[in-house]
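Note on naming: letters A, B, ... go to the chains in the order of the sequence lines (proteins, then strands), and numbering restarts at 1 for each one. For the numbers below, each heavy atom of this structure counts, side chains included, while hydrogens, waters and symmetry mates do not. On a predicted model such as this, the values are computed, not experimentally measured, just so you know.
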There are 2 protein chains.
Amino acid sequence: MPSGSSGQATINDIARLAGVSKKTVSRVINRSPLVHPETREKVEALIREHNYAPDPMARGLAFRKSFLIGMIYDNPNAQYIVHMQNGALDSLRGSGFELVVHPCDSKNADYVDGVRQFVLQQRLYGVILVPRVSEDQALVDMLREIDCRYARIGAVELDDHTSMITTNDREGAVEVAKYVESLGHRHIGLITGPHRYLSARERGGGFLQTLAQRGIKVPAKYTVEGGYTFESGVACAERLLALTPRPTVIFALNDEMAAGVYKAAYRLGLRIPDQLSVVGFDDSPLASRLWPSLTTVRLPIRDIGLRAAAMLLQEPGSNAAPVAFTPHLVVRESCQPPE
Amino acid sequence: MPSGSSGQATINDIARLAGVSKKTVSRVINRSPLVHPETREKVEALIREHNYAPDPMARGLAFRKSFLIGMIYDNPNAQYIVHMQNGALDSLRGSGFELVVHPCDSKNADYVDGVRQFVLQQRLYGVILVPRVSEDQALVDMLREIDCRYARIGAVELDDHTSMITTNDREGAVEVAKYVESLGHRHIGLITGPHRYLSARERGGGFLQTLAQRGIKVPAKYTVEGGYTFESGVACAERLLALTPRPTVIFALNDEMAAGVYKAAYRLGLRIPDQLSVVGFDDSPLASRLWPSLTTVRLPIRDIGLRAAAMLLQEPGSNAAPVAFTPHLVVRESCQPPE
DNA sequence: CTGAAAGCGCTTACAG
DNA sequence: CTGAAAGCGCTTACAG
């Protein structure tokens, strides 16, 4: 018989029914070991029976921290964001924590201050930092300064492993290099992402280095810098396809740009994969919807989101193992040996 | 000189500095008219000076409502979700409200109860209901029962206009019908969405009805029901393209399925638009990345999200005008007159 | 137009 | 292992 007008039981109801103080109920809620097992069971039974859940605002007010996790991102790839959100929610479910989204524009000078206000005003429990904001040391420094927990997702280990999730983008690009080489391609084009993106440097570096190790040198003009957008993919592909000898394969460092390569190729009347092989990176929905379907590299984004949120909920003291993921090549229909 | 250890000023700091009671500061925060203009100005100046923002948890606890807006959705289209979120955040910015995301699975019998728990436990201020969950009357009935405000987005006016945003999907399909007819097509294929989706019924109905008004009858077998997925688009297109006479145009009720039509056409060696015209619906990123780029129908999703959030923040008493949007045809390269 | 009191539902010290 | 007191930072209901 709840006392609140909202029909929800409160800690006082449970305490009264259990014949204990509310402090004891509080101990049960917070999994304090200092509760007699019998008392604990009685309280837990009552909690279940009344479907009691502590009010996050009351708890947060006393705790001086909300039960909210912020997801901070500046990533134009909607599928990536939604997968990441779903993964984070997978691990938040049942924990009493909720996910608050905070898109931002890292090109805007005062976005760090915007995040600061957000964290402070909402008294966020912690934040998930998605690339590319996760690569911004100024942002991270600010978060440390205001003592906000964070989980940072990045292509290489940028931080202490208790707050870092490493995606090893380089390894995905290495796989692409080996695959392309094994098919027999020797005239190879590369469309990189913006150089300020760590992912672009890692992917591009891993690709070129692996080819070099296998004796394949990619001349400088066969590497062009794109902007991770469809349009830049079209433009970069047009430049590459005007080269002599024409590349027989183009690796675009994300799927968006790979789709741009398709467009440029079709405009020139080049058939994929017969006359031009193409590889992307991300395994976005686009990849399987293009025709022919795109060979690309996949990272388990949802799992990454899950681990990021789980990392935030972990006891600060617990010594967790480093969290790392490895991307994998997904072979579809867009590559074949050169004619 | 804030008293809190977090470095954030509290209502007590402002009250003390202004030489008024905290109740008066509270009145200023809550825009009560019962404050002397001079007092108000003094308090407001102090608020600005100290960059004071009321603690949403303390406020929510006293208010018995959080400053959180939930976005409830069951929509596989990531771009749609992200645009909607961005729109909602556009209108929440600076209001002190934040957006909490809640994906769910409306095929799961107890998803309504999941939403109920979410709303009750977080004491949500209100929720934005995105199609297809916005079409579920059982969900809405539950929300009314627990007295939770909602903004409902749907193809037709399903509810009181103070909580309804109407997207008029039918009108977009009417435009498609007129366009297709004007190009001279007479053998027309339609791939609908699942019949339980209001959007599918509205789009399909508007299309067929408009054609009928113009004297074009689409035989029953030229209409097939897809699942709003890429794969269903492929399968449905294969059925349609096996018909005699073969349709010279296919209207797929979303872009995903239209991409499937592309795949089926290419497999059969049919060139788009020379031998087959295609129209989609949504103007997803896919649409402009396909080759040839897809003629489709666009709805301003971000604006819709913005209006939905704004509707929730509106004073309950204020008599707002109905909010409606009209979709528009975006002509690209995927249609031409039949050969 | 303004304020003192009580309370929202929890937790943090502190004491035992 | 358990609890009474005080407090987190606000608002409601009441009084003036």
(request) Sequence neighbours left out, what pairs pass ring-ring contact (aromatic ring centres under 6.0 Å, His included) with at least one residue falling in residues 121-165 of chain A? (result) A:F97-A:Y125

(request) Please state whether the phosphate of C:dG9, meaning OP1 or OP2, lies under 4.0 angstrom from any side-chain nitrogen or oxygen of A:Y52. (result) no

(request) Using distance alone, with no hydrogens and no angle criterion, decide if B:N168 and B:T166 have a side-chain donor and acceptor under 3.5 Å apart. (result) no

(request) Nearest whole angstrom, please: distance from the C1' of D:dC1 to the CG of A:L34. (result) 7 Å

(request) Measure from CE on B:M57 to P on D:dC8 and round the result to the nearest Å. (result) 13 Å

(request) Starting at atom CG of A:L120, determine the distance to atom C1' of D:dG9, rounded to an integer number of angstrom. (result) 15 Å

(message) Measure CZ/B:R31 against C1'/C:dC1 and give the value in whole Å, please.
(response) 19 Å

Quiz: residues 77-84 of chain B side-chain donor-acceptor pairs under 3.5 angstrom, not counting sequence neighbours:
from, atom 1, to, atom 2, distance (Å)
B:N77, OD1, B:Q79, N, 3.1
B:N77, OD1, B:Y80, N, 3.2
B:Q79, NE2, B:H83, NE2, 3.3

(request) Return each pair, listed once, that meets side chain to side chain donor-acceptor pair (under 3.5 Å) where at least one residue sits in residues 299-310 of chain A; pairs must be two or more places apart or across chains. (result) A:D90-A:R302

(message) B:Y111: which residues meet the side-chain hydrogen bond (donor to acceptor under 3.5 Å, both in side chains) condition with it, sequence neighbours left out?
(response) B:D136

(request) Tell me whether the OP1 or OP2 atom of C:dG3 has a side-chain N or O from B:T24 closer than 4.0 Å. (result) yes

(request) Grab the CD-P distance between A:E41 and D:dC1 for me, whole Å please. (result) 13 Å

(request) Can you tell me the distance, in whole Å, between the CG atom of B:N12 and the C1' atom of D:dC10? (result) 9 Å

(message) Just N and O in the side chain of A:T39: are any of them under 4.0 Å from OP1 or OP2 of D:dT2?
(response) yes

(request) For B:S163, check side-chain hydrogen bond (donor to acceptor under 3.5 Å, both in side chains) against everything at least two apart and list the hits. (result) none

(message) Under 4.0 Å between a side-chain nitrogen and a carboxylate oxygen: does that hold for B:R196 and B:E135?
(response) no

Taking distance alone, no hydrogens or angles, what donor-acceptor pairs closer than 3.5 Å link side-chain atoms of residues 29-43 of chain B to residues at least two apart or in another chain?
from, atom 1, to, atom 2, distance (Å)
B:N30, OD1, B:R59, NH1, 2.8
B:N30, ND2, B:S26, O, 2.9
B:N30, ND2, B:S26, OG, 3.4
B:S32, OG, B:L34, N, 3.0
B:R40, NH2, B:S32, O, 2.6
B:K42, NZ, B:A18, O, 3.3

(request) Only counting residues at least two apart or in another chain, list the ones meeting salt bridge (charged side-chain N to carboxylate O under 4.0 Å, His left out) with A:D159. (result) A:R144, A:R152

(request) Write down the distance between CG (B:L61) and P (D:dC10), rounded to a whole number of angstrom. (result) 12 Å

(request) Quick one: label B:F67 by what it contacts on the DNA or RNA (base, sugar-phosphate, nothing), any heavy atom closer than 4.0 Å. (result) nothing

(request) Any chance you could list the contact pattern along nucleotides 11-16 of chain C? Use B for base contacts, S for sugar-phosphate-only contacts and - for none, protein heavy atoms under 4.0 Å, 5' to 3'. (result) BB----

(request) Give DNA chain C the dot-bracket treatment, 5' to 3': Watson-Crick (N1-N3 with N6-O4 or O6-N4) or G-U (N1-O2, O6-N3) under 3.5 Å, [ ] crossing, | other strand. (result) |||.||||||||.|||

(request) Using whole Å, report how far NE2 of A:H36 lies from P of D:dG3. (result) 13 Å

